[in-house]
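Chain naming here is simple, since letters A, B, ... match the order of the sequence lines and numbering starts at 1 in each.
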There are 2 protein chains.
Amino acid sequence: MNLACEACPVRDSAACSVLNDDERDALAAAGRTRTLKRGQMLFAAGDADAACATLVSGALKVCSTDIDGNEQILALVHPSGFIGELFAPFAHHDVVALTDSQLCTFARKDLDQAIDHYPALAKALLRRSQEDLHATRSLLELTGNATAEARLAALIYDFAQAASQSPCHPEQTFELPLSRGEIANMLGLTIETVSRKLGDLESSGAIKRIGKRGIELVDPAHLQALSGRFQG
Amino acid sequence: MNLACEACPVRDSAACSVLNDDERDALAAAGRTRTLKRGQMLFAAGDADAACATLVSGALKVCSTDIDGNEQILALVHPSGFIGELFAPFAHHDVVALTDSQLCTFARKDLDQAIDHYPALAKALLRRSQEDLHATRSLLELTGNATAEARLAALIYDFAQAASQSPCHPEQTFELPLSRGEIANMLGLTIETVSRKLGDLESSGAIKRIGKRGIELVDPAHLQALSGRFQG
DNA sequence: CGCTCCATTGAGTTACTTCAAAAATTGTGG
DNA sequence: CCACAATTTTTGAAGTAACTCAATGGAGCG
């Protein structure tokens with residue numbers, strides 16, 4: 001068995017987990033591991049034949065840049081997440097590492113062949129794609145009508161859940177993966193508003209700020225209520 | 001060959017177009033056609049085992065309803081589009097007909113089997129899913145930062161392109177598929193703002209309103225410039 | 001220490017919303 | 001076919017949440 005795969009932290013959760021050992025070895029032979037430093041770009045919008053990749057560790061952001069140079073974050077990618085537009089001739093968005101990250105990358109044509117050879121892989125990628133679609137629609141719901149405070153509350157709650165190992169139970173204390181500016185352009189707000197509303201959330205007793213990026217959930221139920229969501 | 005398929009207007013563009021005649025017949029045997037009147041619901045958020053469907057004619061909206069009963073449109077579905085969350089136990093969103101529509105529906109388990117039997121189908125659905133993902137991210141970009149006028153300009157331009165047969169060339173005259181209220185809650189605005197900004201677009205000479213829902217593109221280039229988009 | 005980067009705080013402005021009413025369009029029954 | 005009610009759209013005036021501009025306050029680093 002491929003050594004890298006054997007030790008891979010996402011071997012049981014990434015798309016390739018649906019393959020058997022032989023199939024996985026064959027796919028691994030076509031791929032290569034890559035590391036990105038924080039802030040480094042995997043590919044940029046407009047790149048032809050942008051690689052596809054499974055994120056092994058770290059975190060990525062998918063973002064666009066408008067005419068005035070303002071960045072907007074469209075999605076976050078967590079370990080075992082998949083990146084890659086298999087059918088578009090050019091990448092639509094930038095993909096940048098939020099923290100130092102490890103990836104398992106594939107040339108598009110190799111992945112395309114793998115999909116044809118291993119039907120289970122196509123199904124696994126379809127599943128991931130639909131999950132990504134749902135995540136994007138959730139963000140769209142959030143930025144559509146909610147107040148600044150509700151957006152922030154929902155984002156913090158989501159991060160708390162992502163930081164937790166057990167699903168559906170938020171981590172009490174964790175580090176925000178994004179700077180104020182990144183939070184702002186993910187939620188369609190300004191840095192100043194994010195800072196002010198974080199202060200409000202703290203005053204209201206929902207959270208406690210610990211340093212610049214640390215968050216402690218003092219009153220998770222209150223935070224969830226402020227987010228205007230039923231659950232998760 | 002299946003008679004319904006033979007006459008199907010989207011037989012060359014829908015996901016099932018990747019199947020050969022025999023395969024398509026087998027799939028058609030598991031499916032059934034269904035018509036929806038304008039305003040009728042295909043399924044609601046929370047429904048278990050919601051059906052999957054290919055839209056044959058008409059138009060659908062995918063929308064959510066928040067705690068206060070406000071609807072938000074997350075996506076539009078055009079003919080040959082596919083609807084259905086194959087892997088989620090419950091539907092996440094409502095799906096409603098915008099106009100009288102014809103669909104080709106499948107029980108989820110039947111479609112699931114078809115995916116396993118016909119790998120090409122899985123790949124076709126993956127492609128559609130990634131296109132849906134891109135469309136949703138485009139809407140997210142639009143509602144994230146743009147002004148009311150830019151959102152409206154972009155939406156009108158998109159509708160003009162959707163109404164046109166030739167891709168990349170907008171139709172000069174067409175009917176809006178949405179009411180003012182639907183436009184508003186797709187763009188995260190109010191009815192009043194939509195109405196006012198439509199008036200502004202008309203005053204500026206970009207468009208001309210014809211009745212309630214008719215639009216004539218007087219100056220497409222100006223409209224596109226107002227939308228703040230490069231193209232598309 | 002001084003520099004840079006990021007976050008916070010303050011004051012004034014604005015784009016959009018809210019509330020309210022008029023106008024246009026559509027549907028319905030006589 | 002016309003009158004009348006219902007629905008949708010437009011228009012107006014006032015209010016507000018978030019933005020912009022500007023200054024201050026740490027934190028990290030050479």
In sequence, state the C-alpha distance, the side-chain angles, and the governing distance for B:E141 and A:S64, and then conclude on side-chain hydrogen bond (donor to acceptor under 3.5 Å, both in side chains). CA-CA 8 Å; B:E141 278 185 72; A:S64 70; 3.1 Å; yes
[X] has an atom [atom1]; how far is it from atom [atom2] of [N], in whole Å?
| X | N | atom1 | atom2 | answer |
| --- | --- | --- | --- | --- |
| B:L176 | D:dT10 | CG | P | 10 Å |
| B:L152 | C:dA15 | CG | P | 16 Å |
| B:I191 | D:dT7 | CD1 | P | 14 Å |
| B:E175 | C:dT26 | CD | C1' | 14 Å |
| B:L187 | C:dT17 | CG | P | 10 Å |
| A:N185 | C:dA7 | CG | P | 12 Å |
| B:R180 | D:dT11 | CZ | C1' | 14 Å |
| B:L226 | C:dA15 | CG | P | 15 Å |

Counting heavy atoms not belonging to [X], are there more than 12 under 6.0 Å from its [atom1]?
| X | atom1 | answer |
| --- | --- | --- |
| A:F90 | CZ | no |
| B:R209 | CZ | yes |
| B:R32 | CZ | no |
| A:R38 | CZ | no |

For a quick test of reading the model, state the closest non-hydrogen atom pair linking B:Q72 to A:G144 and the distance between them. NE2-CA, 3.4 Å
Given protein heavy atoms under 4.0 Å, the one-letter contact record of nucleotides 12-30 of chain D, with B base, S sugar-phosphate only and - none, is simply BB----SSBB----B----
Taking atom types as modelled, find out whether A:E85 and B:H134 have a side-chain donor-acceptor pair closer than 3.5 angstrom. no
Regarding B:T65 and B:E71, is there a side-chain donor-to-acceptor distance under 3.5 Å anywhere? no
Measuring from atom CG of B:L36 to atom CG of B:L60, what distance do you get when rounded to the nearest 0.5 angstrom? 7.0 Å
Divergence of helical axes at both termini of the helix from C:dC1-D:dG30 to C:dG30-D:dC1 - five pairs an end, 10° steps: 40°
On the nucleotide D:dT10, are OP1 or OP2 found under 4.0 Å from the side-chain N or O atoms that B:R209 carries? yes
